[in-house]
Amino acid sequence: MNKYKIFLLAMMVYYIIVVVAISKLFVIPVMKFMALLFFIGAGYLYSRRMTKKLQ
């Protein structure tokens, strides 16, 4: 049980470190890209709605 708890703790720490490292290297550019896509998509949908209302 004790060894199992230590193993779990080590895995959690390792997982957190890996997630932080990956997020710094990979997730931030992906999130920027996703935000850009979201804003483009939102603007496109909004402009389409506005044109429908105007017509």
Side-chain angles (χ1 to χ4, degrees):
M1 190 65 186
N2 213 11
K3 279 184 179 179
Y4 184 67
K5 275 187 179 178
I6 290 163
F7 177 72
L8 261 172
L9 245 161
M11 285 298 287
M12 277 176 66
V13 170
Y14 178 72
Y15 181 72
I16 289 162
I17 289 165
V18 166
V19 164
V20 168
I22 287 170
S23 70
K24 282 186 177 172
L25 291 167
F26 179 70
V27 171
I28 290 165
V30 167
M31 278 182 69
K32 283 179 184 172
F33 182 67
M34 288 288 283
L36 190 72
L37 276 177
F38 174 75
F39 281 119
I40 290 165
Y44 178 69
L45 283 170
Y46 187 71
S47 64
R48 278 189 65 186
R49 280 187 184 172
M50 288 302 286
T51 51
K52 277 184 182 176
K53 278 185 180 176
L54 288 168
Q55 285 173 2

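Model, not experiment: these values are computed from the prediction. We count residues from 1, following the sequence as given.
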According to a hydrophobic-cluster definition based on side-chain heavy atoms being under 4.5 Å apart (Ile, Leu, Val, Met, Phe, Trp, Tyr only), do F26 and V18 belong together? yes

Rounded at 0.5 Å granularity, tell me how far NZ in K3 sits from CD1 in I6. 8.5 Å

Applying the 4.5 Å side-chain criterion to the ILVMFWY set and letting contacts propagate, would M34 and I22 be lumped into a single cluster? yes

